[in-house]
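Labels below follow one simple rule: chain letters A, B, ... track the order of the sequence lines, proteins then strands, and each chain is numbered from 1.
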Amino acid sequence: MINKLWVSLILIGSLFLILTGQADVLNTQILSSGKVTLELVMQIFPLVSLWLGIMNIAKESGLLSKVSKIIYPLLHKIFPDIPKGHESFGYISSNILSNMFGLGNAATPLGLKAMKSLQSLNKNKEEASRSMITFLIINTCGFCIIPTTIISLRMLYSSKDASFIAIPCLIISFISFLFGLIIDRIWSKKDGGSK
Amino acid sequence: MKMASSLFIPILVLVIIIYAVYKKINVYDSFVSGAKEGFPMVKSMFFSLLAMIFGVNIFLKSGVVNYFFDFLKPLLVLLHIPSQVLPIAIMRPLSGSFGLALLNDMYKVYGPDSFISVLASVIQGSSDTTIYVITLYFGTIGIKKIKYALWVGLLTDLFMVIMALILVPLFF
């Protein structure tokens with residue numbers, strides 16, 4: 001799937017640039033994407049290490065499994081395949097909380113750690129499990145109480161009420177979050193409901 | 001709300017450390033050994049991100065999308081959908097910064113409080129960069145078969161845009 005998407009992005013983009021005589025743009029794009037990626041990864045690297053360190057303390061002290069047990073009844077319906085008290089519940093809930101508070105810098109490392117612990121439950125390491133896809137959908141619908149970037153952009157253009165945007169965003173992302181969960185559940189059943 | 005947001009991380013970190021000290025854990029060693037996992041994780045995400053950024057950049061910078069939008073315009077007029085929000089709606093799953101740049105332009109032209117700007121902001125703010133999230137999360141842990149993840153993600157994004165078109169007018 002990703003393979004087809006990737007090929008079509010490159011083919012459509014390149015052919016269009018060549019046909020409209022903008023081969024030089026294509027040149028710079030091909031050569032600069034390495035630098036862009038490295039810069040992005042360099043931004044993520046310290047944050048990931050920092051949060052992995054902090055979460056390791058929570059794991060070794062037993063706090064994480066305690067949180068996982070408390071949150072289990074709530075998340076069990078969404079993630080029926082994860083066994084009770086598994087540490088991934090702790091990572092998943094901290095990722096969801098950080099997302100809700102608009103803290104992308106913390107949410108991404110915590111999400112990566114959650115995915116990694118879901119991978120330890122996965123039977124086929126190269127194939128996404130049902131829980132992984134559900135967790136991914138929770139992250140792609142950007143469920144968030146405070147869309148910080150947009151509010152600050154609105155303030156920059158001296159909006160009358162910059163944070164007004166938060167309420168419609170919250171309602172709409174919550175509805176699409178529910179929609180995503182339902183579609184995900186239906187699709188996984190169609191797929192055979194395998195782990 | 002802003003207060004809660006800025007207090008969330010400090011309180012989380014404090015609770016984790018105080019609980020660990022109470023449980024007599026060597027907090028320093030625990031932190032360092034956890035943080036060490038960061039390097040292999042970042043190493044494994046680099047190559048899938050590189051591939052995706054390479055593809056997405058060629059596509060975005062080619063400008064082919066503008067032709068596509070012109071082509072779709074008559075259909076939008078027919079459906080009474082403001083055509084200015086189309087680029088943001090379509091590009092949202094592919095790139096976060098692209099949408100933010102478009103939003104910046106719209107604020108400049110229409111003002112941040114106009115209906116069209118609010119609609120575009122809600123579309124930008126109610127979703128995340130689906131393609132990037134899939135690449136980052138699945139690439140890092142080495143998943144090759146993503147099954148139906150992309151479809152569910154994109155379908156949810158489409159649903160979000162439709163909901164925004166229906167619900168945002170109610171706020172005016």
Mind checking whether [X] and [Y] have side chains closer than 4.5 Å, heavy atoms only?
X: Thr37(A); Y: Met52(B); value: no
X: Ile167(A); Y: Phe171(B); value: yes
X: Phe31(B); Y: Asn56(A); value: no
X: Ile172(A); Y: Met160(B); value: yes

Who among [options] has the most heavy-atom pairs with chain A under 4.5 Å?
options: Gly55(B), Pro93(B), Pro112(B), Gly125(B); answer: Pro112(B)
options: Ser127(B), Gly38(B), Ala149(B), Ala35(B); answer: Ala35(B)
options: Val168(B), Asn104(B), Val27(B), Leu170(B); answer: Asn104(B)
options: Ser121(B), Gly153(B), Gly142(B); answer: Ser121(B)
options: Val13(B), Ile123(B), Leu103(B); answer: Leu103(B)
options: Leu94(B), Leu100(B), Asn26(B), Thr130(B); answer: Thr130(B)

For [X], is it the side chain, the backbone, both, or neither that has a heavy atom closer than 4.5 Å to a heavy atom of chain A?
X: Met163(B); answer: both
X: Val65(B); answer: neither
X: Val64(B); answer: both
X: Ile162(B); answer: neither
X: Leu150(B); answer: side chain
X: Tyr22(B); answer: neither
X: Lys108(B); answer: both
X: Thr129(B); answer: neither
X: Phe138(B); answer: side chain

Give a yes or no on whether a salt bridge exists between Lys113(A) and Glu37(B), defined as a side-chain N under 4.0 angstrom from a carboxylate O. yes
Output yes when Lys145(B) and Glu126(A) qualify as a salt bridge under the 4.0 Å nitrogen-oxygen rule, no when they do not. no
Of the listed residues (Ser61(A), Gly13(A), Ala162(A)), which shares the most heavy-atom pairs with chain B below a 4.5 Å separation? Ser61(A)
Donor on one side chain, acceptor on other, Asp113(B) and Ser159(A), under 3.5 Å: yes
With under 30° as parallel and over 60° as perpendicular, where do the rings of Phe135(A) and Tyr137(B) fit, or are they tilted in between? parallel
Is the ring pair Phe164(A)/Phe172(B) parallel, tilted or perpendicular, if the boundaries are 30 and 60 degrees? perpendicular
Segment of Ser98(A) engaging chain B (4.5 angstrom heavy-atom cut-off): both
Under a 4.5 Å heavy-atom cut-off, does chain B meet the side chain of Leu38(A), its backbone, both or neither? both
Trp6(A) side chain to Ala51(B) backbone, donor-acceptor under 3.5 Å: yes
side-chain contact (heavy atoms from CB on, under 4.5 Å) assessment of Ile58(B) paired with Val25(A): CA-CA 9 Å; Ile58(B) 290 178; Val25(A) 178; over 6 Å; no
Test of ring centre spacing under 6.0 Å for Phe59(B) and Phe16(A): no
In terms of heavy-atom contacts, Ser176(A) and Ser126(B) come closest through OG-O, 4.3 Å
